[in-house]
Every structure is written in C-alpha cells, then in structure tokens.
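Input: a single structure, listed below in structure tokens.
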Amino acid sequence: MLKIIAAVLVLLGVISATPSQAQARRQSREHRLAAGPGPDWSPSLLVREQLPASGDRSRPVLYVHGSSFPSALSVMFPMGGESWADALNADGHDVFGLDFAGYGGSDRYPEMAAADPAGPPLGRANIAADQIARAVTFILKETGAKRVSIVAHSWGTMPAMVFVERSPEQVDRLVLFGPVLRRDGPRGEEPTAWGLVTNAEQHARFVKDVPKDHPPVLEEADFPAWATAYLASDPTSPARTPPSVKIPSGPSADVLDAWSGHPPYVPAHLARPVMVVRGTWDSVSTGEDAVRFLAELPADLERRFVEIPEATHLMHLETGRHDLYAEVNAFLAGRPPVAAKH
C-alpha cells in the first residue's frame, strides 16, 4: 500500500511540477524506525525525508502533522505543483515528516483493529511526544546535525511543545502553525478510542471558515488527487461505505483538555525561539488565543507572531500557502518577517 501511495504522489509531481521541483522530490527517502522490544507497545514509525537539491543535511526540519492526515498529505503533498517541503528545500533545509502511530505509514494501535471504537482515546499528546523524540534522535544521528527545527500544525503543536519542554537542547527553532492553545470553556464529552473521517467530511472542514461571499481559497483542482491519496493512506478504507480513514481519537481528547484550561504543555517552560503563524480566518487557532499564549512565554524568549490574510486552519492547502512558506522560511533562518500582517 505504501508503494501505491508513493506512486500516486510521484505521478502528481511529474505531471504538475517544474523540472527543479520534480528533481527535489526525486531526492526523497523513507526511513522505518523499528518497533521497540519490551512489554510496553512501541510502534514502528515512518519518517519521510526530502533533501534539498544540494544534498546538504546540516539544517534539518521535522514536520509534525495534525489530527487527521499524515505527512504525505501535508508537508509533502504538491498543491499547485509545489509542496511545502519543496519550499523548505529551496531555502536549504533537509525536510523530514513523521507519521504518528495510527496514521499513514506507521503502525496502528492494536485497539484500532477492533470493530468497536469503545475505549480510552488513543494517541494522546504525551505519547505522541515520545514518538517525536524517537524521530528527532534518529534525525540528529542520521544527519550529524546538532539541533533540528520543528514545524508543527494544529493538534501536532501540542506534542511538539511537550517534546520541546523536555528536550530543548535538541531543538533549534519551533514553528507553531495554527496551534491549539489554552481556552477556559467547559470540557466536552470524552471521545472513543478512534474515529472515522470521510473525504466529504474533510472537504467540509477545509472550507467551513471561508466567508460565504468570498471565492474559494482551497486549491480545489488538487483536492480529488489529495482525496484519493488520503483514502489510500488507510488500507482498510475501502471496506467501509462510504470509504473512510480510521484515526486515533487522542488528539480530539487533547483539544478538549486544552480548551477547558488544561493543555499538556506549559508555555512558560518553553526555552527555544517560537513562531506562531495563523490564518486570519482560522477559528481553531484565534488571534486572541495567540496573544494570550505569547504573553505566557518566558519574558526573554524570542518569539514572533504572524497572521496571513484570507487564510484558514488549512492554509498549507490554500492559495495563501506561499505567504506561509515565505514567513516560516524567514523565521527558521533568523530573518525579519516578509510581508504578512504581524
């Protein structure tokens, strides 16, 4: 199944990319972090790598995905012929994408094989942070770099922050794209162990924050290919009607905790430069959330807040993604913000 997914993505790149972009995507590798021994379950994890054209591996960036789709459908997916990984490569970064357990090319939690989703939510942030630690250890050993920068999206920002709290010495810079930040509302009902997501549900989520009188900002021409690859990321998807992807529900439980005043991270414990970047239409990660979070960081910590106009929580799949790419590259390089409102 992984070979089928890879073939789909390579085909997309050859058809729609410029020669330089296609060359960059050909310099890609898949690394398998072996399952660990012992009584506690330690999953096999897939880490994708896309090298810059130079082959330089001295500036690694690890992308940490959100709650519903893996790295191949986010940082590695070519929207309009160019992926976010391509843009990071162009600025000299060696790009890695981790698939958390329960997603993409990584092992599924054993409980996900059951027909009944009853049980505690799988894949909570603290467990996911352990998986980030495994990926970072591998990347530093593989590349010889002393630190890795982390770009995290949505729910993925929570385990990313937990990891950075634990291991700041391994991290250069931290980008929080559409982060899930603390609010003080009531806690919703606890989810089951896992859930199902259809392509129709994904599309509705992707477009829901766009004002009704505004033209679409999602790259609609690329959505059918994205949707095909999304279903292919779960080998069990054809067995259900309509086809759907099974995902762990731990991320949903983490969001409920964060929005009821109990995120798994402590902003005051972060000790590496932080960037918060969001779209102005993002209802998951609001400007008010960001201002509060930034005020809770250590007073002397380098931080940056950038808002991209006319963009949502899924900005990396939208027409505004090039502004996102440019602003993130600038922060990772220590350059001033580019042109976005900040």
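Counting begins at 1 with the first residue of the sequence.
Val162 and Leu301 fall within the same hydrophobic cluster, where Ile, Leu, Val, Met, Phe, Trp and Tyr residues are linked whenever their side-chain heavy atoms come under 4.5 Å apart, directly or through other members. With hydrophobic clusters built from ILVMFWY side chains whose heavy atoms lie under 4.5 angstrom apart, Phe69 shares a cluster with Val197. Two different hydrophobic clusters hold Val276 and Val266 under the rule that ILVMFWY side chains link at heavy-atom gaps under 4.5 Å. Under a hydrophobic clustering in which Ile, Leu, Val, Met, Phe, Trp and Tyr are joined whenever their side-chain heavy atoms come within less than 4.5 Å, directly or via other members, Val210 and Ile308 fall into different clusters. By the criterion of side-chain heavy atoms lying less than 4.5 angstrom apart, applied directly or through intervening Ile, Leu, Val, Met, Phe, Trp or Tyr residues, Met76 is grouped together with Leu88 in one hydrophobic cluster.
Aromatic ring centres of Tyr325 and His322: separated by under 6.0 Å. Taking the six-membered ring wherever Trp is involved, the centroid distance between the rings of Trp194 and Tyr109 does not fall below 6.0 Å.
Judged by distance alone, the side chain of Ser237 and the main-chain N or O of Leu231 form a donor-acceptor pair under 3.5 Å. Judged purely by atom type and a 3.5 angstrom limit, Lys246 uses its side chain to pair as donor or acceptor with the backbone of Met112. Checking side-chain atoms of Trp226 against main-chain N and O of Leu73 turns up a donor-acceptor pair under 3.5 Å. Remark: the backbone N or O of Asp257 is paired with a side-chain donor or acceptor of Ser260 at under 3.5 angstrom. At distances below 3.5 Å, at least one donor-acceptor pair connects side-chain atoms of Thr280 with backbone N or O atoms of Glu310. Formation of a donor-acceptor pair under 3.5 Å by the Asp86 side chain with backbone atoms of Ser83 is found in this model. When atom types are taken as modelled, the side chain of Asp99 and the backbone of Pro70 share no donor-acceptor pair closer than 3.5 angstrom. A donor-acceptor contact shorter than 3.5 Å is absent between the side chain of Asn329 and the backbone of Asp91. Of the possible donor and acceptor atoms, one in the side chain of Thr137 sits under 3.5 Å from a partner among the backbone N and O of Ala133. Panel note: side chain Glu318, backbone Thr312; a donor-acceptor pair is recorded below 3.5 Å.
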Apply side-chain contact (heavy atoms from CB on, under 4.5 Å) to Phe206 and Leu317, showing your working.
CA-CA 9 Å; Phe206 289 178; Leu317 308 180; 3.8 Å; yes

Walk me through it: do Glu302 and Phe331 pass the test side-chain contact (heavy atoms from CB on, under 4.5 Å)?
CA-CA 11 Å; Glu302 179 185 346; Phe331 176 75; 4.1 Å; yes

Could you walk me through whether Tyr103 and Leu45 pass the side-chain contact (heavy atoms from CB on, under 4.5 Å) test, one step at a time?
CA-CA 9 Å; Tyr103 300 86; Leu45 300 174; over 6 Å; no

Might you work through the side-chain contact (heavy atoms from CB on, under 4.5 Å) test for His153 and Leu314, ending with a clear yes or no?
CA-CA 9 Å; His153 178 226; Leu314 286 304; 4.1 Å; yes

Kindly determine whether Arg278 and Ser285 satisfy side chain to side chain donor-acceptor pair (under 3.5 Å), including the steps that lead there.
CA-CA 7 Å; Arg278 62 174 296 272; Ser285 186; 4.8 Å; no

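The only member of Trp84, Phe77, Phe96, Phe100 that meets ring-ring contact (aromatic ring centres under 6.0 Å, His included) when paired with Tyr63 is Trp84. Among the candidates Val136, Ile139, Leu62, Val64, the single residue satisfying the side-chain contact (heavy atoms from CB on, under 4.5 Å) test with Leu98 is Leu62.
By the 4.5 Å heavy-atom criterion applied to side chains, Asp234 and Arg240 are counted as neighbours. Counting heavy atoms from C-beta on, the side chains of Pro191 and Leu256 come closer than 4.5 Å. Pro43 places a side-chain heavy atom less than 4.5 Å from the side chain of Arg134. Between Val75 and His65, every side-chain heavy-atom pair lies at or beyond the 4.5 Å cut-off. Looking only at side-chain heavy atoms (C-beta outward), Ser58 and Thr143 stay at 4.5 Å or farther from each other. Two residues are said to be in side-chain contact when any heavy atoms from C-beta on lie closer than 4.5 Å; Arg108 and Pro110 fail this criterion. With a 4.5 Å cut-off on side-chain heavy atoms, Asp323 and Val338 do not count as touching.
Of all the heavy atoms in Leu181 and Tyr265, the pair that sits closest is CA-OH, 3.1 Å. Closest non-hydrogen pair, Gly123 versus Trp155, comes out as O-CZ2, 3.6 Å. Nearest heavy atom pair, residue Ala299 against residue Arg303, reads O-NH2, 3.8 Å.
The stretch residues 200-221 participates, sequence neighbours left out, in these salt bridge (Lys or Arg N to Asp or Glu O under 4.0 Å) pairs: Glu219-Arg321.
The CG atom of Leu270 lies 6.5 Å from the CE atom of Met161; values are rounded to the nearest 0.5 Å. Atom CZ of Arg59 is separated from atom OG of Ser54 by 9.5 Å, given to the nearest 0.5 angstrom. Between atom CZ of residue Arg32 and atom OG of residue Ser106 there is a gap of 6.0 Å, rounded to the nearest 0.5 Å. Separating the CZ atom in Arg29 from the CG atom in Asp94 is a distance of 7.5 Å, to the nearest 0.5 Å. The distance from the OG atom of Ser249 to the CG atom of Asp254 is 11.0 Å, given to the nearest 0.5 Å. Here the CD atom belonging to Glu30 is positioned 11.0 Å from the CD atom belonging to Glu49, to the nearest 0.5 angstrom.
Qualifying side-chain hydrogen bond (donor to acceptor under 3.5 Å, both in side chains) partners for Ser154, counting only residues two or more places apart in sequence or in other chains: His313. Residues that satisfy the side-chain hydrogen bond (donor to acceptor under 3.5 Å, both in side chains) test with Asp289, not counting sequence neighbours, are Arg183, Thr286.
Between Arg166 and Asp130, at least one side-chain N (NZ, or NE/NH1/NH2) sits under 4.0 Å from a carboxylate O, which counts as a salt bridge. Salt-bridge check for Asp172 with Arg147: failed, with every basic side-chain N at 4.0 Å or more from each acidic carboxylate O. Using a 4.0 Å cut-off between charged side-chain N and carboxylate O, Glu288 and Arg292 make no salt bridge. Between Arg304 and Glu327 there is no salt bridge, since none of the side-chain N atoms of the basic residue sits less than 4.0 Å from a carboxylate O of the acidic one.
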